[in-house]
Chemist: 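This is the structure I want to talk about, given as structure tokens.
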There are 2 protein chains.
Amino acid sequence: MSHTPGVRQAQKQKTRQALLDAALRLLAEQSLSSLGLREVTRVVGVAPAAFYRHFRDMADLGVALVEESLGSLHGMIRGILAERDGDDERIEATVLAVAEYVRTHPAHIRFIARERHGGVRPVREAIAAQLDRFTDEVAEAFQVGLEYRGWSAADLRMLAGLYVDHMVMTATAFLEAQPVRDVGEGAEGGAGADQGAGEGAGAGGMTEAERRIADLAHRQLRLVAIGRRHWHDG
Amino acid sequence: MSHTPGVRQAQKQKTRQALLDAALRLLAEQSLSSLGLREVTRVVGVAPAAFYRHFRDMADLGVALVEESLGSLHGMIRGILAERDGDDERIEATVLAVAEYVRTHPAHIRFIARERHGGVRPVREAIAAQLDRFTDEVAEAFQVGLEYRGWSAADLRMLAGLYVDHMVMTATAFLEAQPVRDVGEGAEGGAGADQGAGEGAGAGGMTEAERRIADLAHRQLRLVAIGRRHWHDG
DNA sequence: TCATTCAGTAAACAACCGTTCTCTGACTTT
DNA sequence: AAAGTCAGAGAACGGTTGTTTACTGAATGA
């Protein structure tokens, strides 16, 4: 399409990303409908008018944040469901993956949880659409599994919806268990792993609060799995 | 305590309630952290400064709205769980009750859904506390049921949490199925039932969209009930 | 009856908001 | 090398915000 990989476009996308990052950071302590355009540009260090070169308004930026937030998680879950089989193993892997994702991208999933029912229509709709796609994919992953003969498409989607909803709730529960982390991640890009001291351990370790939530989610998922197994015999 | 049932106090509480109602109406299309103090007083028709006679700030008003929103629902669910027994009957009654409550108090539950993870800390905490109490009560209601021998307290709370979370999600699903209802309920007080023509039917009738949600919730709850029944046999 | 309380008024305050203009200067294309 | 594009700067605009001040006048208690 555009045959210009030039320095121009690169710089533009750089400040665009800076705007997204700044917004995400500010959204840790307020909701989108109260986030000001000037507030964002001030953090980035550009003039307020520059905002309009990238987004129509804050709602537009919000929709972009939805894609950024759910895009990667999307691929991740798909991978887990594909390569594992057996209920318990899948449950274990999923819960651990969600916990890890929340730890590495707290601001993103906080944003999703906050704006899922928030005050900005387009953002709500974008999130709903993404979660719907999620449900479709989970249902599809179930369908290729051997243990779902005799399940109608509607029942499969019902079950998938149950899992997706529970995943979202577990994620937000993990979030609330986390410390406040007043200064924003920074995360993405090449900046290297911040293996600071203190609490937040590496891949395996969990806070006590986190462990309790993981255990709860674990048991709830197991109960659902049992219900699924006996679905067709009264 | 205060031996003054006077006209004074009555008028004060009247405008206090007017402020709450106005805020709730305005919150249909934005979130609390963006709702202005002046915006509310303007709708009510009082001077901005009058606001401070009733609330410290908008967060304070938000906490009051939480009590108003979840207080009544609270008693309702407790009643249902007490007087029914048998899974299917309980499920049926609960889903219907939630649907009815959403239809009669849409603004309240929209507020709860929106601010549960919203940008105002005290409000979030108030909602979390209320939902926690909910979970406790459901767990307690289960405990008196005959069919829960051998269940640990932790498992009972786990199950109750599953039900409460699902109830909240079902309620918000019902909400999204509703038309926009641009002018706010008015509801409470003596103003009489607005049995307008058109869609929203009486106690029994449901929209097509509502019926689909009810059916989905139904099946999901049944699956959980089955899982519960086989919880203790692999 | 008189003094007191206090819900609500009216006005002013500095601070901030989103949006619109014109302008500049580094990059791109020809 | 000249012409064109376009991300961002800078300033100005009308409007709204939360909060404070001094005030009024009807309901209250002695």
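Keep in mind that what you see is a predicted model, and the values were worked out from it rather than measured.
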Chemist: Can you list everything that forms a side-chain hydrogen bond (donor to acceptor under 3.5 Å, both in side chains) with A/His166? Sequence neighbours excluded, please.
Modeler: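 A/Thr170, A/Gln220.
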Chemist: Starting at the 5' end of DNA chain C and moving along, which residue's nearest nucleotide shows up first, B/Thr15 or A/Leu37?
Modeler: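 Nearest nucleotide further toward 5': that of B/Thr15.
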Chemist: According to the ring-ring contact (aromatic ring centres under 6.0 Å, His included) rule, which pairs have a member within residues 46-67 of chain B, sequence neighbours left out?
Modeler: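 Of all non-adjacent pairs touching residues 46-67 of chain B, those that pass ring-ring contact (aromatic ring centres under 6.0 Å, His included) are B/Phe51-B/Phe55.
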Chemist: Does this structure show an ion pair linking A/Glu100 with A/Arg103, if we count only N-O contacts that are shorter than 4.0 Å?
Modeler: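 Between A/Arg103 and A/Glu100 there is a salt bridge, with a charged N closer than 4.0 Å to a carboxylate O.
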Chemist: Using whole Å, report how far CD of B/Glu39 lies from P of D/dT16.
Modeler: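 Rounded to whole Å, this separation is 11 Å.
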Chemist: Distance check needed: D/dT28 C1' versus B/Gln11 CD, whole Å only.
Modeler: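 Computing the B/Gln11:CD to D/dT28:C1' distance gives 15 Å.
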Chemist: Base, sugar-phosphate, or nothing: which does B/Arg42 touch, judged by heavy atoms less than 4.0 Å apart?
Modeler: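 Sugar-phosphate: the residue B/Arg42, judged by heavy atoms under 4.0 Å, touches backbone atoms but no base.
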Chemist: Between atom CG in B/Asp57 and atom C1' in D/dT20, what is the gap in whole Å?
Modeler: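 Nearest whole value for this atom pair: 16 Å.
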Chemist: Please state how far atom CG in B/Leu35 lies from atom C1' in D/dT17, giving the value in whole angstrom units.
Modeler: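 After rounding, the reported distance stands at 12 Å.
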Chemist: If we check side-chain hydrogen bond (donor to acceptor under 3.5 Å, both in side chains) with A/Ser34, which of these qualifies: B/Ser31, B/Ser34, B/Ser33?
Modeler: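 Considering B/Ser31, B/Ser34, B/Ser33, a side-chain hydrogen bond (donor to acceptor under 3.5 Å, both in side chains) with A/Ser34 is found only for B/Ser33.
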Chemist: Expressed in angstrom and rounded to an integer, what is the separation of A/Gln13 atom CD from D/dG8 atom P?
Modeler: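 Spelled out: CD on A/Gln13 to P on D/dG8 is 11 Å.
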Chemist: Figure out the CZ/P separation between B/Arg56 and D/dT20, and round it to whole Å.
Modeler: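 In whole Å, D/dT20 P and B/Arg56 CZ are 12 Å from each other.
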Chemist: Checking only heavy atoms, does the side chain of A/Arg8 share a donor-acceptor pair with the base of D/dA7 at less than 3.5 Å?
Modeler: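 When only heavy-atom distances are counted, A/Arg8 does not reach the base of D/dA7 through any donor-acceptor pair under 3.5 Å.
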Chemist: Listed by chain and number, what are the side-chain contact (heavy atoms from CB on, under 4.5 Å) partners of B/Arg157, not counting sequence neighbours?
Modeler: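 If we apply the side-chain contact (heavy atoms from CB on, under 4.5 Å) test to B/Arg157, skipping adjacent residues, the hits are B/Asp132, B/Thr135, B/Asp136, B/Ala139.
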Chemist: Give every residue pair that meets the salt bridge (Lys or Arg N to Asp or Glu O under 4.0 Å) criterion with at least one member in residues 56-80 of chain B, sequence neighbours excluded.
Modeler: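 Those involving residues 56-80 of chain B are B/Arg78-B/Glu137.
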Chemist: Just call it for B/Tyr52: base, sugar-phosphate, or nothing, with non-hydrogen atoms closer than 4.0 Å on any strand.
Modeler: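 The residue B/Tyr52 makes base contact.
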Chemist: Find the distance A/Phe51:CZ to D/dA7:P and express it as a whole number of Å.
Modeler: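 In whole Å, D/dA7 P lies 15 Å from A/Phe51 CZ.
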Chemist: Send over the distance from A/Lys12 NZ to C/dC27 P, rounded to a whole Å.
Modeler: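 One finds 16 Å between P of C/dC27 and NZ of A/Lys12, rounded.
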Chemist: Does anything in residues 13-47 of chain B pair up under ring-ring contact (aromatic ring centres under 6.0 Å, His included), and if so which pairs, sequence neighbours excluded?
Modeler: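 Found none.
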Chemist: Pick out the pairs of N or O atoms, protein on one side and nucleotides 9-12 of chain C on the other, that lie under 3.5 Å.
Modeler:
from: C/dT9; atom 1: OP2; to: B/Ala47; atom 2: N; distance (Å): 2.6

